[in-house]
There are 2 protein chains.
Amino acid sequence: MAHPTTDTAVSREEARALIRDVLERIGDKWSVAVICQLGDTTRRFNELRRLSHPITQRMLSATLQGLERDGLVTRTVHDTKPPRVDYALTPRGLSLLDVVRNLAHWAEDNATAIMDSRTAFDRGRPPR
Amino acid sequence: MAHPTTDTAVSREEARALIRDVLERIGDKWSVAVICQLGDTTRRFNELRRLSHPITQRMLSATLQGLERDGLVTRTVHDTKPPRVDYALTPRGLSLLDVVRNLAHWAEDNATAIMDSRTAFDRGRPPR
DNA sequence: CAGCATCCAACCGGATACTG
DNA sequence: CAGTATCCGGTTGGATGCTG
């Protein structure tokens, strides 16, 4: 405890790094959409595909693997024929869903204001 | 109102599009960090630069312009010498700060669990 | 101090084709 | 049905150098 200020600064930076790591998980193009679609029900692969609409197989697969890797969704394979795989949020995923819903709420509430702000800003600065 | 289901589906999709537009704003690499650093105090350019640490000038500039465009921060130029520019959150930016703080909180709370989950997952699936 | 301009590498993500 | 493999274009963002 010789240099508490330094300690604090370091852990602060480390905390920021962790936060960014996590934010990059949900900051990609599809994670939030998929998490919302999962909600509190379990869904199958192509079901998610339809719901998250123009998502490609590749991206859905990658997104789900990322979420599974982080312990946010579970993947259960029923080896029937045809094969069937169910995805669902884990408790941790559900807790994230709450946060994400707040975010979505805010986005919905402020979407038009933001769009207006953008066009106003762009009118003042014509591109080139 | 012949096909209310269709109507709902369409507006739902539009809503999703809007939300994604907004999420992409804060989904980039630096916006959240800058918003947190602004908090409820006004800050100068290089001050933000130091606080958001390894951010480059270019990225800070771009991030701030994006946030200003969306009406989330204000930019005030004092023409003194040397020049001085202050950035601060608008009311809308402050409301976003609340949401973002929730997110950061969640990230902090779950960071270690997520890291553990990742290493466990990766142990099960060695690369290649 | 507060930026803009340019260049360029890395990565993200879409399209497409194929498999168990 | 539920994916994997490959290709490849656009965007993101870092490094660097210059300006008022």
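Chain identifiers are assigned alphabetically (A, B, ...) following the order of the sequence lines, protein sequences preceding nucleic acid strands; residue numbering begins at 1 within each chain. Every heavy atom of this structure was used, including side-chain atoms; hydrogens, water molecules and symmetry mates were not.
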Query raised in the report: Please, which pairs that meet salt bridge (Lys or Arg N to Asp or Glu O under 4.0 Å) have at least one residue in residues 46-56 of chain A, sequence neighbours excluded?
Result: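 Salt bridge (Lys or Arg N to Asp or Glu O under 4.0 Å) check on residues 46-56 of chain A returns A:Arg43-A:Glu47.
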Report task. If a pair satisfies salt bridge (Lys or Arg N to Asp or Glu O under 4.0 Å) and one of its residues is in residues 82-93 of chain B, list it, with sequence neighbours excluded. Result -> B:Arg84-B:Asp86
Query raised in the report: When you look at A:Leu48 and A:Thr63, which way does the side-chain contact (heavy atoms from CB on, under 4.5 Å) test go after all the steps?
Result: CA-CA 11 Å; A:Leu48 285 170; A:Thr63 302; over 6 Å; no
Requested in this report: Please work out which residues in residues 58-69 of chain A have a non-hydrogen atom less than 4.0 Å from an atom of DNA chain C and list them by number.
Outcome: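 Close to the strand are A:Arg58, A:Met59.
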Query raised in the report: Under a criterion of less than 4.0 angstrom to any heavy atom of chain B, what are the 5'-terminal and 3'-terminal contacting nucleotides of DNA chain C?
Result: C:dC1 to C:dT6
Report summary line: Rounded to 10°, the angle between the first-five-pair and last-five-pair axes of the helix from C:dC1-D:dG20 to C:dG20-D:dC1 is 50°
Which residues pass the side chain to side chain donor-acceptor pair (under 3.5 Å) test with [X], not counting sequence neighbours?
X       : answer
B:Trp30 : none
B:Ser31 : B:Arg25, B:Asp28
B:Thr90 : none
B:Thr42 : none

List, one per line, each side-chain donor-acceptor pair under 3.5 Å for residues 98-105 of chain A, sequence neighbours excluded.
none

Query raised in the report: Can you list the residues that meet the side-chain contact (heavy atoms from CB on, under 4.5 Å) rule with B:Ala120, with sequence neighbours excluded?
Result: B:Arg123
**Report entry** Closest-nucleotide 5' rank along DNA chain C - winner of B:Tyr87 and A:Trp30
**Finding:**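 Closest to the 5' end, via its nearest nucleotide, is B:Tyr87.
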Report summary line: Walking DNA chain C from its 5' end, the first of A:Pro83 and A:Asp28 to be reached, judged by nearest nucleotide, is A:Asp28
Requested in this report: Take B:Leu64 and B:Glu68, measure what side-chain contact (heavy atoms from CB on, under 4.5 Å) needs, and give me the verdict at the end.
Outcome: CA-CA 6 Å; B:Leu64 287 169; B:Glu68 188 193 0; over 6 Å; no
**Report entry** Reported CD1-to-OG distance for the pair A:Ile55 and A:Ser61, which is rounded to 0.5 angstrom
**Finding:** 9.5 Å
Query raised in the report: What distance do A:Ile26 atom CD1 and B:Leu23 atom CG have between them, rounded to the nearest 0.5 Å?
Result: 8.0 Å
**Report entry** DNA chain D: 5'-most and 3'-most nucleotides touching chain A, 4.0 angstrom heavy-atom criterion
**Finding:** D:dC1 to D:dT6
Query - Taking every non-hydrogen atom, the tightest pair across B:Tyr87 and B:Arg75 - result: CE2-CG, 3.3 Å
